[in-house]
Amino acid sequence: MSLMLYNTIRREKEAFVPIRPGHIGMYVCGVTVYDYCHVGHARVMVMFDVIYRWLMHSGFDVDYVRNFTDVDDKIIKRALERGIAIDVLTNEMIAAFHADADALGCLRPSHEPRATEHMDAMINMIQALVEKGKAYVSDSGDVLYAVREFAEYGKLSGKKIDELESGSRVDVDGSKRDPLDFVLWKMAKAGEPAWASPWGEGRPGWHIECSAMSCGHLGDTFDIHGGGMDLKFPHHENEIAQARAANGGGFARYWLHNGFVNINAEKMSKSLGNFFTIREVTERYHPEVLRMFMLATHYRSPLDFSDAALDESKAALDRLYETAKRCQETGVPAQQSEQLPVRFTAAMDDDFNTPVALAELFDTSRMLNKGLNEGADVSALATQFAGMVALLGIVQQDASVWFQQGDVDEAAIEAQIEARLQARKARDFARADAIRNELSAQGIVLEDGAAGTTWKKI
RNA sequence: GGCAGGGUGGCUCAGUGGCUACGGCGGAGGACUGCAAAUCCUUUAUUCGCGAGUUCGAUUCUCGCCCCUGCCUCCA
């Protein structure tokens, strides 16, 4: 069974063949660091984290690069509004990004380049484009990319230059040879951050960053490039145009794009203002619930965000934790296995079909519970369970702690449980039930198991 | 208008040219329990937006229609 990927540029699933056997270079577009990340960003983090884990599990040595855009108009504007230096803002947001990604259980990429640290690479790339006649200096002094000079422009997004223009949503700018031409180097206005370049003091355009950083880390031709669906056009289209025209390489071979997170069937986005930051959500739900929520839908499908959906994810995750808790209580060894169920592996190999992978996980969970009920040897199942769960990055918390989150007085609860136990021994069930009801009113649910009574907070 | 992706049980989400349409949530019944909770078992879509076509056979392929969303400007 080999890995099949849906390649946006070909619009179909195809077998993945790495450029170098055993090795994968993967670049994922990160974020512009001017504000906290929202749930849409979380989806990219989580899905590519799962992809990263799966590729490594499949035996590849993965070079995973995810950038930070730390020069940009929005950053300049935000820093000005807050009256702080740009690097103070970007450092703060990068730290916040890491905190969010860590909370979501995402592994750090191999490299996390920042645009400001790759000025030379960008300037060199722009220089090459100018020399090859693919870019020009406009009347305003900005360096622009001439889309007409790149024959394949529009291939990724399936757009044609002429049709785009007739759509007339493109800015009319007299200094552009073609309305679709985009900025490679933007001249700085007074007070704006600037870097020296052959064309004067200025800063790079957004698209050139990713072309320069991806090629810089992974080479002119690399395996996988990913990001949100909204980056397909124009961002990724422009990246392709720049990189291929500049260095003659093939650039990315496989393009992976994840679907949006919607609210009320509408895209969550900054511009619509209908977004929730990751930290807002994780104040109310454990980050793993958010991760579970992402995994329950295929990465290319839209994902409708709501508290009801999160509640469902919580319930589903609880079910898994219930199994983990029982294994823990029973003392079943929980080492992870490299040998995963066939269906799970096949699902992940089939364009990272996490919903099917989860279905297999739930089936294993059920078999495990059943085996536990019957006192059978469940070590093999427990091992597979642990292996699957580790690859998905869920059920990574201590199972008993998972059910005991929140403000609780553990000692008081334990005392109540002991009191109830005595009452039950004396067959004073009225007293026992009264204690249980009392705890229940505080959101504490008791479970009388073979290994004694345990409690959980709901 | 161009392009892309969708419409599957009460909700959510997979999937396939044909045996019993995957899971999860919720509901119902049962086992277990003093009673619960958890778990397990059974059950919950004559049916996969609508119409036509191809086919021995379509939810799955083709065409048309209806509806939804996204991209076409910054956006994960």
Side-chain angles (χ1 to χ4, degrees), chain A residues 8 11 28-32 37-45 47-48 72-74 154 157-160 162-171 179-180 182 206 226-235 237 257-262 265-272 275 292-293 295-298 300-304 306 308-309 311-320 322-323 325-326 343 347 350 353-363 365-374 403 424 427-430 432-433 436-437 440 445-450 453-456 458:
Chain A
T8 308
R11 287 171 191 74
V28 174
C29 285
V31 296
T32 299
C37 289
H38 58 65
V39 179
H41 299 115
R43 191 174 192 190
V44 183
M45 296 181 202
M47 290 321 302
F48 281 96
D72 164 90
D73 291 354
K74 286 194 278 273
S157 52
K159 298 182 186 308
K160 294 186 172 55
D162 295 318
E163 287 174 359
L164 282 167
E165 289 175 8
S166 63
S168 80
R169 286 179 70 182
V170 195
D171 283 345
L180 290 171
F182 55 91
W206 174 40
M229 209 81 97
D230 45 0
L231 297 183
K232 236 161 50 173
F233 188 90
H235 185 56
E237 199 69 72
H257 291 99
N258 66 275
F260 299 125
V261 174
N262 296 156
E266 208 177 38
K267 178 186 170 187
M268 176 185 291
S269 73
K270 294 264 180 171
S271 38
L272 288 171
F275 62 90
M292 182 71 179
F293 168 65
L295 263 25
T297 301
H298 185 85
R300 283 189 282 114
S301 300
L303 185 55
D304 224 42
S306 67
D311 289 339
E312 262 195 26
S313 299
K314 164 82 162 64
L317 193 53
D318 279 349
R319 180 176 174 75
L320 260 17
E322 206 72 59
T323 300
K325 184 175 165 224
R326 292 185 68 188
R343 186 178 173 219
D350 182 18
N353 195 331
T354 53
V356 171
L358 279 176
E360 178 60 24
L361 176 60
F362 279 106
D363 282 347
S365 178
R366 178 178 300 105
M367 289 189 284
L368 205 38
N369 287 330
K370 193 175 179 180
L372 252 12
N373 284 351
E374 294 165 357
F403 288 112
R424 290 179 71 206
R427 301 197 67 79
D428 180 359
F429 296 121
D433 290 352
R436 187 170 64 196
N437 290 339
S440 171
V445 175
L446 300 187
E447 293 180 1
D448 297 328
T453 299
T454 58
W455 60 274
K456 57 186 189 184
I458 52 167

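Naming: A, B, ... by sequence-line order, numbering from 1 per chain.
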For [N] versus [M], give the span between their [atom1] atoms, rounded off to a whole number of Å.
N      : M      : atom1 : answer
B:rG49 : B:rC66 : C1'   : 8 Å
B:rA28 : B:rC67 : C1'   : 34 Å
B:rC3  : B:rU42 : P     : 49 Å
B:rU47 : B:rA58 : P     : 15 Å
B:rU69 : B:rG51 : C1'   : 24 Å

Below the 4.0 Å mark, does [N] have OP1 or OP2 next to a side-chain nitrogen or oxygen of [X]?
X        : N      : value
A:Arg11  : B:rC3  : no
A:Lys232 : B:rC72 : no
A:Asn369 : B:rC40 : yes
A:Asn353 : B:rG15 : yes
A:Arg319 : B:rA38 : no
A:Ser440 : B:rA37 : no

Within the structure shown, what part of the strands sits under 4.0 Å from [X] by heavy-atom distance: base, sugar-phosphate, or nothing?
X        : answer
A:Leu231 : sugar-phosphate
A:Arg436 : base
A:Thr297 : sugar-phosphate
A:Gly449 : nothing
A:Asp311 : nothing
A:Phe260 : base
A:Asp72  : nothing
A:Gly227 : sugar-phosphate
A:Arg326 : sugar-phosphate
A:Met45  : nothing
A:Phe429 : base
A:Val28  : nothing
A:Glu447 : base
A:His38  : base

Closest approach to the side chain of [X], judged atom by atom: which nucleotide of [options] is it?
X        : options                : answer
A:Glu266 : B:rG70, B:rC41, B:rA14 : B:rG70
A:Ser301 : B:rA14, B:rA76, B:rA38 : B:rA14
A:Ala316 : B:rG24, B:rC71, B:rG34 : B:rG24
A:Lys370 : B:rA38, B:rC40, B:rC35 : B:rC40
A:Glu322 : B:rU39, B:rG34, B:rG23 : B:rU39
A:Val261 : B:rC71, B:rA76, B:rC25 : B:rA76

Watson-Crick or G-U wobble mate for [N], both contacts under 3.5 Å:
N      : value
B:rG9  : none
B:rA58 : none
B:rA28 : B:rU42
B:rA4  : B:rU69
B:rA21 : none
B:rC50 : B:rG64

Separation of [N] [atom2] from [X] [atom1] (nearest whole Å):
X        : N      : atom1 : atom2 : value
A:Leu303 : B:rA76 : CG    : P     : 17 Å
A:Met292 : B:rC13 : CE    : P     : 14 Å
A:Glu312 : B:rA14 : CD    : P     : 13 Å
A:His235 : B:rC74 : NE2   : P     : 11 Å
A:Lys159 : B:rA4  : NZ    : P     : 9 Å
A:Ile458 : B:rA36 : CD1   : P     : 17 Å
A:Asn262 : B:rG5  : CG    : P     : 17 Å
A:Asp363 : B:rC41 : CG    : P     : 10 Å

Can you check side chain to side chain contact (heavy atoms under 4.5 Å, CB included) on A:Met268 and A:His38, steps first, answer last?
CA-CA 9 Å; A:Met268 176 185 291; A:His38 58 65; 3.8 Å; yes

As an exercise, state the distance from CG of A:Asp448 to CZ of A:Arg436, rounded to the nearest 0.5 Å.
7.0 Å

By nearest heavy atom, map A:Asp318 and A:Val356 onto RNA chain B; which one lands nearer the 5' end?
A:Val356

Of A:Thr323 and A:Lys74, the one whose closest nucleotide on RNA chain B sits nearer the 5' end is A:Thr323

Is the backbone of A:Phe293 close enough, under 3.5 Å, to the side chain of A:Thr297 for a donor and an acceptor to pair up by distance?
no

Tell me whether A:Arg427 at atom CZ has more than 12 heavy atoms from other residues, nucleotides or ligands lying less than 6.0 Å away.
no

Of all heavy-atom pairs between A:Met229 and A:Gly259, which one has the smallest distance, and what is that distance?
CE-CA, 3.8 Å

Testing the 3.5 Å rule here: is there a donor-acceptor pair between the side chains of A:Arg319 and A:Asn369?
no

Between the base of B:rG34 and the side chain of A:Asp433, is there a donor and acceptor pair under 3.5 angstrom?
yes

Shorter than 3.5 Å, N or O on both sides, protein versus nucleotides 60-62 of chain B: list them out with atom names.
none

